[in-house]
Amino acid sequence: MKNIIEVKNISFKYPEQSEIFKDLSFEIKRGEWTAIIGQNGSGKSTIAKLIDGLYQPMSGEIFVDDLLVNEENINKIHKKIGLVFQNPDDQFVGATVEDDVAFGLENQLMSTDEMHTIVEKSLKSVNMWEYRERVPESLSGGQKQRVAIAGIIALAPQIIILDESTSMLDPLGRKDIIDLIYRLKQELNLTVISITHDIDEAALADRIMILNQGQLVEATDPNDMFSNEDKLLELGLDVPYTVKLMDALRQQGLDVPHRYMDEGELVKWITQLK
Amino acid sequence: MIMSNFIFGRYLPGNSWIHKMSPQAKLLISFFFVLVIFLANNLISYAMLIVLILATIVLSGISISFFIKGIRPLLWLIIFTVLLQILFSSGGTPIFKWGIFSITDQSLINGGYIFIRFLLIIMMSTVLMLTTSPLALADGIQTLLKPLKRLHFPVDTLALMLSIALRFVPTLMDETQTIMNAQRARGVDFGSGSIKHRIKVAVPLLIPLFTGAITHAENLSTAMEARGFTDSEHRSKYRIYKWQKRDTISFLVYILVAVLVILVRK
């Protein structure tokens, strides 16, 4: 498969801070779901902003869909990438749900009629059409994130980057958003990069990359990583509840398989026990 | 929550003639009406304006109780102004005199007129607020200010700023409430004490609120940029409020009444 994102030897530092990345390179393939995990302050979110051209690297090059990320191409890059941020309130620009979805389209100087068609289509695809006249303060965090996703797919991007988009939601809201992204990825043939702390979200990915001391390392065996408590703690990730339960079951003398299982799988496995 | 209702709970969605009018027309008519109020100076002219505003209220399909609620916060201001007018105006036959205070038949009539003026202006602005969403109002202001664009006045930027500011009012109100609760849990008493004390306890409330607002602004600008925002002058519009036939008709009715007021005034 072809690479949609190519990061070549970039380095980056914030003013008056030490270098976060030095000579960082990685590729992301078209149509893949990649999870990027790492400790707080490891620069996970900075990667998203660098790819979208919101920050410029000190050296090195980034290509998105064969287009060099620079000042000149910035509008085309923004069109190819949709970013969903962490705080639901901080990305709600419009006064109502439909105005917010239209915001990106207005920036494209789209005609009013065309906008109305696309806003309706986008809101329906995230099941928020009935809420189109609502104001943000009457929506839950999860609903606001749905609206943010609608605003992004309205712009028909090829890549969606989730920058800890579910970290401020409750567990149900989290699952809901991840299921939605999963469905949209299939329907719209998207490439997804999820920057996350949530182990269940990372477990969904085709590929997991670990950001450690300014370098990205591909997790060669995600199953092994998820069931290794020390490694997870080292990465600043919480040990998943299912892993703790599996450990406890093992101590009771049960023969639990040595791979990561989410809640559904584990329940299924337990109910199959004789 | 109470504070956010005070600002936003006032808009009542509906489908009346007035609701369907474009916001720029409603704003223009409101300004025009306030001007006409100052032209009225006798009973017939005031009576005509009262009939006009009552007809407008009926057309808006909103219960009169909402209008009475609109007057309540301004009640003391009205009473104070009317009393000043009655007690200190000169001319006419004195009815009652005590020191510098004097009440004459003329001052009573003037007081009555001032009262009616207040009432008319409040009624009109209440109709405007109740039938127009804040967003539509921002849009109406933008349309009315369009001519200033020729003077390079950033009308579109101003409108976008206004709509974002309106959108963030409830968010910041909620945050204020959260911070207040957090400080109360640490034993801060916001409700009582001397003025000096109250200013002192406002500081730990304002500082987190300001830093929060700055963080919001920074994140929002990043999110806007990521969605292709470059500048506010090169954007199309999702909502378009066109000047309609009903706007022209409404304006003509108001102009007609204005002409009548000019004809019957002393």
Side-chain angles (χ1 to χ4, degrees), chain A residues 45 48-49 51-55 74-116 118-119 132-133 135-139 144 148 151-152 154-155 157 160-161 163, chain B residues 1 3-5 7-9 11 13-14 132-139 142 156 159-175 177-178 212-242:
Chain A
S45 294
K49 285 170 183 148
I51 294 173
D52 200 27
L54 296 167
Y55 295 161
I74 198 78
N75 286 334
K76 287 183 196 153
I77 301 289
H78 287 331
K79 258 175 141 169
K80 288 181 195 292
I81 301 175
L83 260 169
V84 188
F85 294 96
Q86 180 176 23
N87 189 332
D89 263 318
D90 286 355
Q91 47 193 320
F92 208 111
V93 190
T96 69
V97 167
E98 50 181 334
D99 285 283
D100 186 61
V101 176
F103 177 78
L105 303 171
E106 290 176 320
N107 292 335
Q108 312 272 338
L109 290 169
M110 190 180 276
S111 76
T112 308
D113 289 339
E114 210 178 330
M115 258 194 271
H116 280 271
I118 294 181
V119 168
R132 62 188 173 279
E133 284 170 5
V135 288
E137 65 270 22
S138 71
L139 300 175
K144 281 181 214 169
I152 276 157
L155 296 167
I160 285 194
I161 304 180
D163 185 0
Chain B
M1 262 349 252
M3 286 191 276
S4 59
N5 281 343
I7 296 168
F8 286 90
Y11 168 57
T132 324
S133 71
L135 186 68
L137 268 181
D139 229 280
Q142 185 184 9
D156 298 322
L160 187 67
M161 271 167 57
L162 194 62
S163 102
I164 290 176
L166 284 171
R167 173 251 167 281
F168 268 94
V169 168
T171 309
L172 292 177
M173 289 289 186
D174 277 355
E175 267 162 36
Q177 207 60 53
T178 312
I214 290 166
T215 313
H216 280 309
E218 202 181 332
N219 291 340
L220 191 74
S221 67
T222 312
M224 284 167 73
E225 209 184 322
R227 280 162 74 183
F229 179 80
T230 45
D231 69 283
S232 39
E233 310 296 317
H234 298 97
R235 305 180 70 227
S236 54
K237 284 186 78 69
Y238 177 67
R239 287 171 192 273
I240 291 181
Y241 301 95
K242 283 206 183 89

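Just so it is clear: chains get the letters A, B, ... in the order the sequence lines come, proteins before strands, and each one is counted from 1.
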**OP:** Report yes if the side chains of B:Arg227 and A:Asp100 come closer than 4.5 Å at any heavy-atom pair, otherwise no.
**Re:** yes
Subject >> Min side-chain heavy-atom separation B:Arg235-A:Phe103 under 4.5 Å >> reply: yes
**OP:** Please name the pair of heavy atoms, one in A:Asp90 and one in B:Ala223, separated by the smallest distance, quoted to 0.1 Å.
**Re:** O-CB, 3.8 Å
**OP:** State, to 0.1 Å, how close B:Tyr238 and A:Glu98 come at their nearest heavy-atom pair, and which atoms those are.
**Re:**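 Closest pair (atom of B:Tyr238, atom of A:Glu98, distance): OH-OE1, 2.6 Å.
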What option among [options] has the most heavy-atom pairs under 4.5 Å with chain B?
options	answer
A:His116, A:Gln86, A:Gln91, A:Gln108	A:His116
A:Leu54, A:Asn107, A:Leu109	A:Asn107
A:Asp89, A:Asp113, A:Asn75, A:Asp52	A:Asp89
A:Asn87, A:Val119, A:Val135, A:Ile81	A:Val119

Is [X] in contact with chain B via its backbone, its side chain, both, or neither, using a 4.5 Å heavy-atom distance?
X	value
A:Val93	both
A:Lys49	side chain
A:Ile77	neither
A:Leu83	side chain

Roughly how far, to the nearest 0.5 Å, is [atom2] of [Y] from [atom1] of [X]?
X	Y	atom1	atom2	result
A:Thr96	B:Arg239	OG1	CZ	4.5 Å
A:Asp99	B:Leu135	CG	CG	5.0 Å
B:Phe229	A:Glu106	CZ	CD	10.5 Å

Subject >> B:Thr222/A:Phe85 under side chain to side chain contact (heavy atoms under 4.5 Å, CB included): CA gap, chis, key distance, verdict >> reply: CA-CA 10 Å; B:Thr222 312; A:Phe85 294 96; 4.1 Å; yes
Original post:
What option among B:Leu160, B:Thr215, B:Thr171 has the most heavy-atom pairs under 4.5 Å with chain A?
Top reply: B:Thr171
**OP:** Name the option with the most non-hydrogen atom pairs under 4.5 Å to chain A; the candidates are B:His234, B:Glu218, B:Glu225.
**Re:** B:Glu225
**OP:** Starting from the C-alpha separation in whole Å, work towards a yes-or-no answer on side chain to side chain contact (heavy atoms under 4.5 Å, CB included) for B:Val169 and A:Glu137.
**Re:** CA-CA 10 Å; B:Val169 168; A:Glu137 65 270 22; over 6 Å; no
Original post:
So, B:Ser236 side chain and A:Met110 main chain: donor-acceptor pair closer than 3.5 Å or not?
Top reply: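 Between the backbone of A:Met110 and the side chain of B:Ser236 there is a qualifying donor-acceptor contact (under 3.5 Å).
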Subject >> Residue part contacting chain A, namely of B:Ile240, when any heavy atom lies under 4.5 Å >> reply: side chain
Subject >> Structural part of B:Thr230 lying under 4.5 Å from a heavy atom of chain A >> reply: side chain
